[in-house]
Participant: 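Provided herewith is a single structure, encoded as structure tokens, for subsequent inquiry.
Owing to the predicted nature of the structure, the values given are computational and were not obtained by experimental measurement. Order of appearance sets the numbers: ligands from 1, and atoms from 1 within every ligand.
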Amino acid sequence: MTPTITAFERSPDRGQGLARDMRVRWALEEVGQTYAVRLVSFAAMKEPAHRALHPFGQIPTYEEGDLVLFESGAIVFHLAQHHAGLLPDDANARARAITWMFAAVNTVEPPILDLQTVKLLEGDKSWYPQRRPLVEDRIRVRLAELSARLGDADWLDGAFSAGDLMMVAVLLRLKPSGLLNEYPRLSAYVARGEARPAYQRAFAAQWAVFTGKSPTG
Ligand code: GTB
């Protein structure tokens, strides 16, 4: 059965692949699952029909027969559990890969989100020039810790997994800030993720929604 996901009709990131449908598209591409996309406007996301799928009126959602999911991490986890390729077979390695998925959304993403919230909601406030560096420093702490753990490895724990997919997707949100450039190992890690053919296909698909054409065309 072909699942359907939802994505922004017109993404505020202008097709940079920073919205959370991107990580779901990427996972679908990694496991070779074809999918349909229903594009939704900001107004439609708040309508009862969409809220029946997503209680918080957001994207992405995932529909597969009777199953309806929201939360990008839960959707990627579902895909990883039901298809080969995103979680190791060994039980302990699998548990560690899942741990990295949680670390991505629960430990690394929150300070990154803070930076975006601060810019959006407090960018015009008198305290913004003092506040922004404090938020950036909280991100730097996490990036330094993550970089130390990654070391010279290609991926966080052995072969590429759903943990790496979620972590790279989270780190990509830092690209516009330039903060990632301060951590060459993490920059290279993110570049390795972006270089994966499945990532490229997912990026092209969401880019086409915004531009109406492929990245090269
Ligand atoms: N925890 C949920 C998940 O992981 O799925 C969070 C879902 C979420 O925040 N969805 C956002 C949304 O629907 C889109 S991704 N927002 C609309 C709303 O809340 O009304 C967040 C996002 C938005 C825009 C950019 N951007 O422009 O760069 C990047 C990321």
Participant: Could you check whether Arg196 makes a cation-pi contact with Trp155, meaning its NZ or CZ is under 6.0 Å from the centre of the six-membered ring and within 45° of the ring axis?
Facilitator: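 Yes - Arg196 lies over the ring of Trp155, closer than 6.0 Å to its centre and within 45° of its axis.
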Participant: Please list, in number order, the atoms of ligand 1 under 4.0 Å from a heavy atom of Pro60.
Facilitator: 5 (O)
Participant: Would you call the rings of His82 and His78 parallel, tilted or perpendicular, where under 30° means parallel and over 60° means perpendicular?
Facilitator: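 Correct class here is tilted.
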Participant: To the nearest 0.5 angstrom, please state how far the CG atom of Asp114 sits from the NZ atom of Lys119.
Facilitator: 12.5 Å
Participant: Report yes if some N/O of Ile59 lies less than 3.5 Å from some N/O of ligand 1; otherwise report no.
Facilitator: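 Yes, Ile59 has an N/O under 3.5 Å of an N/O on ligand 1.
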Participant: In terms of heavy-atom contacts, does CG of Asp124 have more than 12 from other residues, nucleotides or ligands at under 6.0 Å?
Facilitator: yes
Participant: Tell me, which protein residue and heavy-atom name are nearest atom 26 (N) of ligand 1, and how many Å apart are they?
Facilitator: Asp13 CB, 3.5 Å
Participant: Would the Phe8 and Phe210 ring centres measure less than 6.0 Å apart?
Facilitator: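 Distance test on ring centres: not under 6.0 Å, no.
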Participant: When you compare ligand 1 with Gln58, is there at least one nitrogen or oxygen pair between them that comes in under 3.5 angstrom?
Facilitator: yes
Participant: Pick, from Lys46, Glu71, His54, Met45, the option with the minimum heavy-atom distance to atom 20 (O) of ligand 1.
Facilitator: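 Ranked by closest heavy atom to atom 20 (O) of ligand 1, first place is Lys46.
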Participant: Under a heavy-atom criterion of less than 4.0 Å, does Ser11 contact ligand 1?
Facilitator: no
Participant: Run the numbers for me: atoms of ligand 1, each under 4.0 Å from some heavy atom of Phe42, listed by number.
Facilitator: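 Close to Phe42: 17 (C).
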Participant: Return yes when at least one protein heavy atom is under 4.0 Å from atom 2 (C) of ligand 1, and no when none is.
Facilitator: yes
Participant: Strictly under 4.0 Å, does any heavy atom of Phe8 approach an atom of ligand 1?
Facilitator: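 Contact present.
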Participant: Can you tell me how far apart CG (Leu53) and CD1 (Ile59) are? Round to the nearest 0.5 Å.
Facilitator: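 These two atoms lie 13.0 Å from each other.
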Participant: What do you reckon, is CG of Asp89 surrounded by more than 12 foreign heavy atoms closer than 6.0 Å?
Facilitator: no
Participant: Output yes when Glu145 and Arg142 qualify as a salt bridge under the 4.0 Å nitrogen-oxygen rule, no when they do not.
Facilitator: yes
Participant: What protein heavy atom is closest to atom 29 (C) of ligand 1, reported as residue, atom name and distance in Å?
Facilitator: Leu18 O, 3.5 Å
Participant: Give me the residue, atom name and distance of the protein heavy atom closest to atom 4 (O) of ligand 1.
Facilitator: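 Result for atom 4 (O) of ligand 1: Ser72 OG, 2.7 Å.
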Participant: Which option, Arg20, Arg173, Lys175, owns the non-hydrogen atom nearest atom 30 (C) of ligand 1?
Facilitator: Arg173
